[in-house]
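Just the heavy atoms: all of them, side chains too, but no hydrogens, waters or symmetry mates, feed the values below.
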Amino acid sequence: MAAKKIIVPEKKIITNASLADRAVAFISALKHTKGEWHGKNFELLPWQEKVVRDVFGTVKANGYRQYNTAYIEIPKKQGKSELAAAVALYLLAGDGEWGAEVYGCAADRQQASIVFDVACQMVELCSALKKRIMPVLSQMRLVYTPLNSFYQVLSAESYTKHGLNVHGVVFDELHAQPNRLLYDVMTHGSGDARKQPLFFLITTAGTDRNSICWEVHQKAQDILAGRKIDPTFYPVIYGIPDDADWSNEKNWYLANPSLDVTVDIDKLRAAYQSAKDNPAEENLFRQLRLNQWVKQSVRWMPMDAWDKCDTAVDPDALIGRECYAGLDLSSSTDITAFVLVFPPRDEDEKYIVLPFFWVPEDTVEQRVRRDHVPYDVWVKQGSAMTTEGNVIHYGFIEQFIVELGKKYNIREIAYDRWGAVQMSQDLENEGFTIVPFGQGFKDMSPPSKELMKLVLEGRIAHGGNAPLRWMMDNIFVRTDPAGNIKPDKEKSTERIDGAVATIMALDRAIRHQGSSESVYDSRGILFI
């Protein structure tokens, strides 16, 4: 099973060997700063040398660097911080840029100082640089006096500081960024006044698939696979596929190009043994050691199976079809979910899920900053909607549902009794059949298990709706002694409203499919 290695799509590449040699020679003159390698020459490992030669030696027809962005995603303990510090020093002192501004960025100053501290020690161990670089430790700055250039660590609040004239940015652990603000400020327009700015992004895999790092990771994957072309973007991903055998040591070597050099195989074996019987540690092992994008905690829904059910859904093709709905109002200031489930009309059809979500218009930006969830993007995409004001406008949603009832044959609307009394009465007055739905084991367990069965069998189509995917990925479940399950709203700290609405709608669809007899009655409750 192949790892995602350094693969650049075929195109006409101009290589300037002297520039590549210059960068390699500069870095090779530096010293390692840690452990058994302390004080030894920085001899680039094969994967590191390829990155350096490609990034600094690949040029455009005018002779300037072709790549403005380098994205390096690699597991921990592969010499990542040393390489990042060496690149920062080269941009500062070896690139020949007068008045260069080089910035070190991370989730916070403490994280950013890791690479900065390594750079400071490299300067201390190199007599040529020590004579020419002045450290200003109180400001976390290194000044290269011959070119009047500096390398500066930025604080977490730096996204408010515009007007930077960036020659280089070294972004450490991009996956840990709490939002995209600092990344956007540093990479969008800040280097326009420079001939060859470089944004050097180096990180391990993350856990948040709504993050800026995941966005850049996906772009890198698309370029590696040839789905996108960006001649200014250099992607490197060392890791193993999500479905690869994480216990196979051969895969460890595919994901860790520095294995047996910067990290000993026995340490990986010890970490694996600790993770083998502990799901929480398993996720950490797979994320940090094998560079897989996993969730921080163990969730209920297998998202690889959910993603395979993203068959496109055409709302117009469903007009007139019989369907069942689930309504989860949550609170007046939070997200509201209304989900339609269309049961299959024959054995060849799938259950079709058509979700709708609303958030208060005036709080979208605040929620993006607070929750680190891209509500603004979802609204622009049309996968979520807004209601006027800073609280949910229930009257607007009621009217929306009434209009939906004119398009689709909504047989029943299941709703959580808590918080939806008034809307349920209003909808009942509009002619809908309203069914209260308990949130305990008795009511939630059968449709929850049925949903899992349908997903694993690929017998459901949800169209890849982004908010619904996020909510499905957030679900924890609680189990009672009899093996019944239900979504655990307390443990599921992120929103799961859409998932709950889907489960309620699916229950009503299954109970009425084909006859008045429930499928649960005919074959019993599933145990998964």
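At least one donor-acceptor pair under 3.5 Å links the side chain of Q48 to the backbone N or O of L45. The backbone N or O of A205 sits less than 3.5 Å from a side-chain atom of N291, completing a donor-acceptor pair. Checked by atom type and distance alone, the side chain of S211 pairs as donor or acceptor with a backbone atom of W214 at under 3.5 Å. Remark: side-chain polar atoms of T387 are paired, donor with acceptor, to backbone N or O of H393 under 3.5 angstrom. In this structure, the side chain of Q78 engages the main chain of K76 through a donor-acceptor pair within 3.5 Å. Of the possible donor and acceptor atoms, one in the side chain of T363 sits under 3.5 Å from a partner among the backbone N and O of P360. The closest donor-acceptor contact from the side chain of N251 to the backbone of D245 lies under 3.5 Å. At least one donor-acceptor pair under 3.5 Å links the side chain of Q177 to the backbone N or O of A106. Proximity of a side-chain donor or acceptor of R141 to a complementary backbone N or O of L137 within less than 3.5 Å is not detected. Although no hydrogens or angles enter the test, the distance criterion places a donor-acceptor pair under 3.5 Å between the side chain of Q66 and the main chain of P231.
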Side-chain donor/acceptor pairs under 3.5 Å, residues 24-34, sequence neighbours excluded:
residue, atom, partner, partner atom, Å
S28, OG, V24, O, 2.7
K31, NZ, N41, OD1, 2.7
H32, ND1, E82, OE1, 3.4
T33, OG1, E82, OE2, 2.7

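Between Y183 and H188, the ring planes lie perpendicular to each other; the angle is over 60°, past the 30° to 60° tilted range. Relative ring orientation between F356 and F338 is described as tilted, the plane-to-plane angle lying within the 30° to 60° band. Aromatic ring orientation, Y375 versus W378: perpendicular (interplanar angle above 60°, classes split at 30° and 60°).
With 3.5 Å as the limit, one finds a donor-acceptor pair spanning the side chains of E73 and W293. Of the N and O atoms on the side chains of R495 and N474, not one donor lies less than 3.5 Å from an acceptor on the other residue. Checked by atom type, the side-chain pair E173/T204 shows a donor-acceptor distance below 3.5 Å. Looking at Y238 and N256, their side chains never bring a donor and an acceptor atom within 3.5 Å of each other. Residues N68 and Q196 bring no donor and acceptor atom of their side chains to less than 3.5 Å of each other.
Between W246 and E282 the shortest side-chain heavy-atom distance falls below 4.5 Å. I72 is not listed as a side-chain neighbour of T203, based on a closest heavy-atom distance of 4.5 Å or more. In this structure the side chain of D473 reaches within 4.5 angstrom of the side chain of R469, judged on heavy atoms. Put simply, the side chain of F476 does not reach to within 4.5 Å of the side chain of P487, judged on heavy atoms. Side-chain contact between L174 and V216: present, with at least one pair of heavy atoms (C-beta onward) separated by less than 4.5 Å. At least one side-chain heavy atom of M186 sits less than 4.5 Å from a side-chain heavy atom of L164. Using a 4.5 Å heavy-atom threshold, the side chains of V236 and K50 count as separate. Between V136 and L142, every side-chain heavy-atom pair lies at or beyond the 4.5 Å cut-off.
The environment of Y253 atom OH is dense: over 12 non-hydrogen atoms of other residues, nucleotides or ligands sit within 6.0 angstrom. Counting heavy atoms of neighbouring residues, nucleotides and ligands inside a 6.0 Å radius, atom NZ of K60 exceeds 12 of them. For Q218, the CD atom sits in a packed shell: over 12 heavy atoms of surrounding residues, nucleotides or ligands are nearer than 6.0 Å.
For Y90 and F56, the distance between ring centers is under 6.0 angstrom. Here W37 and F42 keep their ring centres 6.0 angstrom or further from each other. For Y151 and Y144, the ring centers sit 6.0 Å or farther from each other. H462 has its ring centre less than 6.0 Å from the ring centre of W306. Residues W252 and F285 place their aromatic rings such that the two centres sit under 6.0 Å apart.
Distance check, rounded to the nearest 0.5 Å: OG1 of T502 to CG of N465 gives 9.0 Å. Here the OG1-CZ distance, from T187 to F171, works out to 7.5 Å after rounding to the nearest 0.5 Å. Atoms CD1 and CD1, on I392 and I335 in that order, are 8.0 Å from each other to the nearest 0.5 Å. Annotation: the span from L182 atom CG to Y103 atom OH amounts to 11.5 Å, rounded to 0.5 Å. Rounding to the nearest 0.5 Å places CD1 of I265 at 4.5 Å from CD of E249. Going from atom CG of L147 over to atom CG of D95 covers 9.5 Å, rounded to the nearest 0.5 Å.
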**Asked** Would K267 and D264 satisfy salt bridge (charged side-chain N to carboxylate O under 4.0 Å, His left out), going step by step from the backbone distance to the final call?
**Response** CA-CA 5 Å; K267 291 186 178 178; D264 192 88; over 6 Å; no
**Item:** Residues H175, D208; criterion side chain to side chain donor-acceptor pair (under 3.5 Å); working and verdict
**Value:** CA-CA 8 Å; H175 76 89; D208 183 1; over 6 Å; no
**Request:** Go through the steps for E124 and K130 under the test salt bridge (charged side-chain N to carboxylate O under 4.0 Å, His left out), then give the verdict.
**Result:** CA-CA 6 Å; E124 187 68 23; K130 189 175 180 181; 2.8 Å; yes
**Worked verdict on Q152 versus F116 for side chain to side chain contact (heavy atoms under 4.5 Å, CB included)** = CA-CA 8 Å; Q152 172 78 57; F116 178 79; over 6 Å; no
**Message:** Quick one, Y71 with Y234, criterion side chain to side chain contact (heavy atoms under 4.5 Å, CB included). Give me CA distance, side-chain angles, the key distance, then yes/no.
**Reply:** CA-CA 6 Å; Y71 177 77; Y234 181 77; over 6 Å; no
**Request:** In sequence, state the C-alpha distance, the side-chain angles, and the governing distance for K80 and D172, and then conclude on salt bridge (charged side-chain N to carboxylate O under 4.0 Å, His left out).
**Result:** CA-CA 9 Å; K80 179 169 59 65; D172 187 31; 3.3 Å; yes
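In terms of heavy atoms, A23 sits closest to V52 at CB-CG1, 3.7 Å. The two residues S149 and G99 make their nearest non-hydrogen contact at OG-N, 3.6 Å. Minimum interatomic distance between A255 and I240 (heavy atoms only, all atoms of both residues): CB-CG2, 4.0 Å. Contact between F150 and E101 at its shortest, heavy atoms only, is CZ-CG, 3.4 Å. Closest approach of A176 and A107 over heavy atoms only: O-CB, 3.4 Å. Contact record, L288 with P75: O-CB, 3.2 Å, taken as the closest heavy-atom pair.
Of the options T58, D21, L44, a side-chain contact (heavy atoms from CB on, under 4.5 Å) to R53 is made by D21 and by none of the others. Considering R286, K308, R209 in turn, R209 is the only one that fulfils the salt bridge (Lys or Arg N to Asp or Glu O under 4.0 Å) rule with D242.
Taking the charged nitrogens against the carboxylate oxygens, R269 and D266 do have a contact shorter than 4.0 Å, which makes a salt bridge.
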